[in-house]
There are 4 protein chains.
Amino acid sequence: MGAVKSKRMPRAVREQQMLDAAVLTFARRGYRAASMDEIAEVAGVSKPLVYLYLNSKEELFSAVIRREAAALAEAVRAAVEPGVSADRQLWSGLKGFFAHTAEHPDGWTVLHQQARTQGEPFAVEVAVLRAEIVEFVTAMIGAAAQEAGCDREPAAREVSGLAHALVGAAESLADWANSGGPGAGERPPAKDTAATLMNFAWAGLGRLMAGERWSPGS
Amino acid sequence: MGAVKSKRMPRAVREQQMLDAAVLTFARRGYRAASMDEIAEVAGVSKPLVYLYLNSKEELFSAVIRREAAALAEAVRAAVEPGVSADRQLWSGLKGFFAHTAEHPDGWTVLHQQARTQGEPFAVEVAVLRAEIVEFVTAMIGAAAQEAGCDREPAAREVSGLAHALVGAAESLADWANSGGPGAGERPPAKDTAATLMNFAWAGLGRLMAGERWSPGS
Amino acid sequence: MGAVKSKRMPRAVREQQMLDAAVLTFARRGYRAASMDEIAEVAGVSKPLVYLYLNSKEELFSAVIRREAAALAEAVRAAVEPGVSADRQLWSGLKGFFAHTAEHPDGWTVLHQQARTQGEPFAVEVAVLRAEIVEFVTAMIGAAAQEAGCDREPAAREVSGLAHALVGAAESLADWANSGGPGAGERPPAKDTAATLMNFAWAGLGRLMAGERWSPGS
Amino acid sequence: MGAVKSKRMPRAVREQQMLDAAVLTFARRGYRAASMDEIAEVAGVSKPLVYLYLNSKEELFSAVIRREAAALAEAVRAAVEPGVSADRQLWSGLKGFFAHTAEHPDGWTVLHQQARTQGEPFAVEVAVLRAEIVEFVTAMIGAAAQEAGCDREPAAREVSGLAHALVGAAESLADWANSGGPGAGERPPAKDTAATLMNFAWAGLGRLMAGERWSPGS
DNA sequence: AATGAATGAGTGTTCATTCAT
DNA sequence: CATGAATGAACACTCATTCAT
């Protein structure tokens, strides 16, 4: 299925091939263990050409992160139904998220497992994406609270914590779904994964918004 | 600053110093980027001594993983109150988990961010720890279902998904709590983090166990 | 003195330069004591280039052995006059052998002193060359026996022993001729060395083939 | 069969144990590849003790060479029957040589394969031994010439060459006999090896001494 | 538009050697 | 008499990066 070795392609095309090769290689080996040699070979180009177009390993990794982050963000954004109730918006967003991570497992691996763990220059780039998603979730929780006629304004810190918990749960489930999940080999459809999380989260959030709390004494 | 440069220490002590230095360095730099030179320097010893005691970078990393995983597992085990209701057991376990990860942030980073992303030899070692915790959580959910007089047996796959979601949420909150959380600089006490997660999860789980489901139509 | 430092040479040329440098260095220092740094320096290139072309110290040494062994084998093969009597074939072969070892003393040192003493991977490669030569000598002895109208077939084991003795004598003389020999500084011409050995061996072989034996009693 | 780990032995005994261990290890691994750690372990002592008694790896190797060379020289010297004819003296010397090398294969390996190939400090020490033997052989050849009533004095250079050829043949046969020789597994008795060489050499030497020469024209 | 040739800087690892006890 | 603890120096090997064409 690999493209026939055809020379002289326009720059834009070659660049995408290189980014594809880089995503694959970074996902397989990790940032440090991936060598520019291997990336160039997978891309079917010579190493100097990679440098000509992408300047350095750092910039290449950054470009990969930006492309994959943008694709994920766009997928979620496009999936969210605007103008409906908060829970339905969250539901559609989750479906979009799990569908995209399932279709682009290498991209997801690079974002979630590699970029986050490589310190300063890169961790920030994913942090931005994550912050966006956390903010969207936070907004949904807030909207849900209002819809539920929540009597008292929930503390920002608590809402933030809840959003982080929900996002963390989503990330964990994305990994779980991609890695065979329950071992059966076949991956669950994105819709099921989203439903699992929605069920897990919604009622708890709803009760919290209604002012109820779990307490050790109960 | 730091321990006085004292020479000629018994092997067991030196080994712990080396493991301490390794945890710190692996957490800061990542497995690949951490150099044995830096680890030796941080430990206050020469590189050959590190090799004499720990044989190779791989074995050193393995030793670190094992020590930190055992410590975390022990902390959770010790925290769980036995013989009480499922929700209280979960609650005590979470408190133990967040207390330990807050007290040993570097160990947590190594386990969660580094070991998991370094492929075969190491990922397995943390996977075992994680599987243990997931199993404990799964058991709690099952017990809770029984206590709640759940009419129909919940599907194993769904319970597994819920357990993964909860564990993922916990991991995410541990990171969040360690990294300054809401930015105020001061980290939240473990008890608060545990409460946030408990509130988030408990009601949802309870309603699920009672047979209620969230559905898009609602 | 020495080649002008000219850069950017085609790979085939550089590879031969590296092999030349390696022969020199391995002969001077021995396999283990020779460092890749020194070989690269002698070759006038950087170390990574040596690795790029020859992969490892082991492979470099193997390549050296193969090149030198092939050259020596070819020299002897080319020197032997075919279709003449056994003694004349042996004589021409010896001349070829001593001429080549005298012209390529480092190659001879690497084959005879280094490769043979470095155990499994390398010793085998020279053993093959030596076996070829021993077989040629064995054939000559057998042919000589027939030419001499030898009445009884000589035992294979005895012929093998004789061939080993002759080859050992030749090796020893090659070293002796190369290392200044009688100390006069000027090395003896290959023809003289060959004549010494031929004289030493021929009559003994002839008489043996004729069925005569030396015995302590005589 | 290894000696029971008994402590507190007199120095002389410990030293011999170390030399034994060193001979074994140097023969197995070669000079460079043998580590002081392994030698100490084989000897059943701690490394500092090896240094206390033998000072350095170089000195240890030198001590090994001297001990083994002296043993071989003594074995040959003791074997030679004095006061008999030249050929019988040579015969008895060869028997002694092959008997000793067969009984001490590691010592022979260290002398012939290792010491000779490690350059300046060590090669000289074996060269001395070899020179002694060459001189003895040279004397035998000279004596034989006189006994045979040789009319003209043979050239020193030619005699030296013949002696080197004979010694080289002997070395080669010693290796051959030790390494299983014809592959049958059982090593030939020293007497047979000596007879092979004696037969090979004697007639040739005799005819040479009688003034006959092999010439291409014959 | 594209590449074969080349390297500076660093990494993991080993080894001979020495103290302090 | 004997050793556990410790290191300076070196070595094989790799990698991101550049130049000349």
Side-chain angles (χ1 to χ4, degrees), chain A residues 6-11 13-14 32-40 44-61, chain B residues 6-15 32-40 44-60, chain C residues 6-15 32-40 44-60, chain D residues 7-11 14 32-40 44-61:
Chain A
S6 58
K7 308 211 149 191
R8 305 271 150 179
M9 326 213 358
R11 169 162 184 160
V13 178
R14 273 272 191 259
R32 297 280 309 211
S35 79
M36 295 297 272
D37 270 293
E38 185 175 1
I39 292 171
V45 240
S46 73
K47 222 182 343 174
L49 198 58
V50 178
Y51 277 89
L52 186 62
Y53 287 173
L54 290 139
N55 304 319
S56 76
K57 196 182 184 183
E58 272 206 354
E59 281 191 39
L60 170 57
F61 195 45
Chain B
S6 59
K7 306 217 146 186
R8 302 272 150 176
M9 331 221 346
R11 171 166 182 159
V13 177
R14 271 277 191 260
E15 255 184 46
R32 299 277 314 209
S35 82
M36 293 298 271
D37 271 299
E38 183 176 1
I39 292 171
V45 264
S46 72
K47 209 171 19 160
L49 199 58
V50 179
Y51 276 89
L52 187 62
Y53 287 171
L54 289 136
N55 305 317
S56 73
K57 195 181 186 184
E58 270 205 354
E59 279 192 40
L60 170 57
Chain C
S6 58
K7 306 218 145 188
R8 302 272 148 176
M9 332 219 349
R11 172 168 180 156
V13 177
R14 271 277 190 259
E15 254 183 45
R32 299 277 313 210
S35 83
M36 293 298 271
D37 270 297
E38 182 176 2
I39 292 172
V45 265
S46 71
K47 205 172 21 163
L49 199 58
V50 179
Y51 278 90
L52 189 61
Y53 287 170
L54 289 135
N55 305 317
S56 74
K57 196 182 185 184
E58 271 207 355
E59 280 191 40
L60 170 58
Chain D
K7 310 213 147 187
R8 306 270 151 179
M9 326 212 2
R11 171 162 183 160
R14 274 271 193 262
R32 296 281 309 209
S35 78
M36 294 297 271
D37 269 294
E38 185 176 0
I39 292 171
V45 237
S46 73
K47 223 183 341 175
L49 198 57
V50 178
Y51 277 89
L52 186 62
Y53 286 174
L54 290 140
N55 304 319
S56 76
K57 197 183 184 183
E58 272 205 356
E59 281 191 39
L60 170 57
F61 194 46

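For the numbers below, each heavy atom of this structure counts, side chains included, while hydrogens, waters and symmetry mates do not.
Rounded to an integer number of Å, the gap from D:Glu38 CD to E:dT14 C1' is 14 Å. In this structure, C:Glu58 atom CD and F:dA12 atom P are separated by 12 Å, rounded to whole Å. When the C1' atom of E:dG12 is taken as reference, atom CG of B:Asp37 falls 9 Å away, rounded to whole Å. Going from atom CG of C:Leu54 over to atom P of F:dC13 covers 12 Å, rounded to whole Å. For C:Met36 and F:dC11, the CE to P distance is 12 Å, given to the nearest whole Å. B:Met9 has its CE atom 17 Å from the C1' atom of F:dT7, to the nearest Å. Rounded to an integer number of Å, the gap from CD of B:Glu59 to C1' of E:dT14 is 15 Å. At whole-Å resolution of the value, OH in B:Tyr51 and P in F:dC11 are 17 Å apart.
Within 4.0 Å (heavy atoms only), B:Ala40 reaches no atom of the nucleic acid at all. In this structure, B:Ala34 reaches the sugar-phosphate backbone alone: every heavy-atom distance under 4.0 Å involves primed, P, OP1 or OP2 atoms, never a base. Using a 4.0 Å heavy-atom criterion, one finds that A:Arg11 contacts no nucleic acid atom at all. Contacts of D:Ser46 with the nucleic acid, taken as non-hydrogen atoms under 4.0 Å apart, include base atoms.
Distances from the side chain of B:Lys47 to the nucleotides F:dT17, E:dT13, F:dC15 place E:dT13 closest. Minimum atom distance to the side chain of D:Lys57 is reached by E:dA16, of the listed E:dA6, E:dA16, F:dA16. Of the listed nucleotides (E:dG4, F:dA6, E:dA2), E:dA2 has the atom at the smallest distance from the side chain of A:Leu52. The side chain of A:Ser56 has F:dT17 as its nearest neighbour among E:dA5, F:dT17, F:dA5. The nucleotide whose nearest atom lies closest to any side-chain atom of A:Ser35 is, among F:dT7, F:dA16, F:dT3, F:dA16.
If you find the closest nucleotide of DNA chain F to B:Ala12 and to C:Asn55, the one lying nearer the 5' end belongs to B:Ala12. Sequence order on DNA chain E of the closest nucleotides to B:Arg32 and C:Pro10 puts C:Pro10 first from the 5' end.
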Open item on the list: Set out, in order, the CA-CA distance, both residues' side-chain angles and the distance that settles side-chain contact (heavy atoms from CB on, under 4.5 Å) for C:Tyr51 and C:Asn55, then state yes or no.
Closed with: CA-CA 4 Å; C:Tyr51 278 90; C:Asn55 305 317; over 6 Å; no
TODO: Take D:Phe61 and D:Lys57 through the test side-chain contact (heavy atoms from CB on, under 4.5 Å) and record every step on the way to the result.
DONE: CA-CA 6 Å; D:Phe61 194 46; D:Lys57 197 183 184 183; 5.8 Å; no
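Pair check for E:dA5 finds F:dT18; Watson-Crick or G-U wobble, both atom distances under 3.5 Å.
Nearest approach of D:Leu49 to D:Arg14, heavy atoms of both residues: CD2-NE, 4.0 Å. Taking both residues in full, the closest heavy atoms of D:Ser56 and D:Met36 are given as C-CE, 4.3 Å, listed atom of the first, atom of the second, then distance. Scanning both residues, C:Arg11 and C:Leu52, for their nearest heavy atoms gives NH2-O, 4.2 Å. Residue A:Ser46 comes nearest to A:Ala40 through the heavy atom pair C-CB, 4.1 Å, listed as atom of the first residue, atom of the second, then distance.
Judged by distance alone, with hydrogens and angles left aside, D:Arg14 brings no side-chain donor or acceptor close enough to the base of F:dC1 to form a pair under 3.5 Å.
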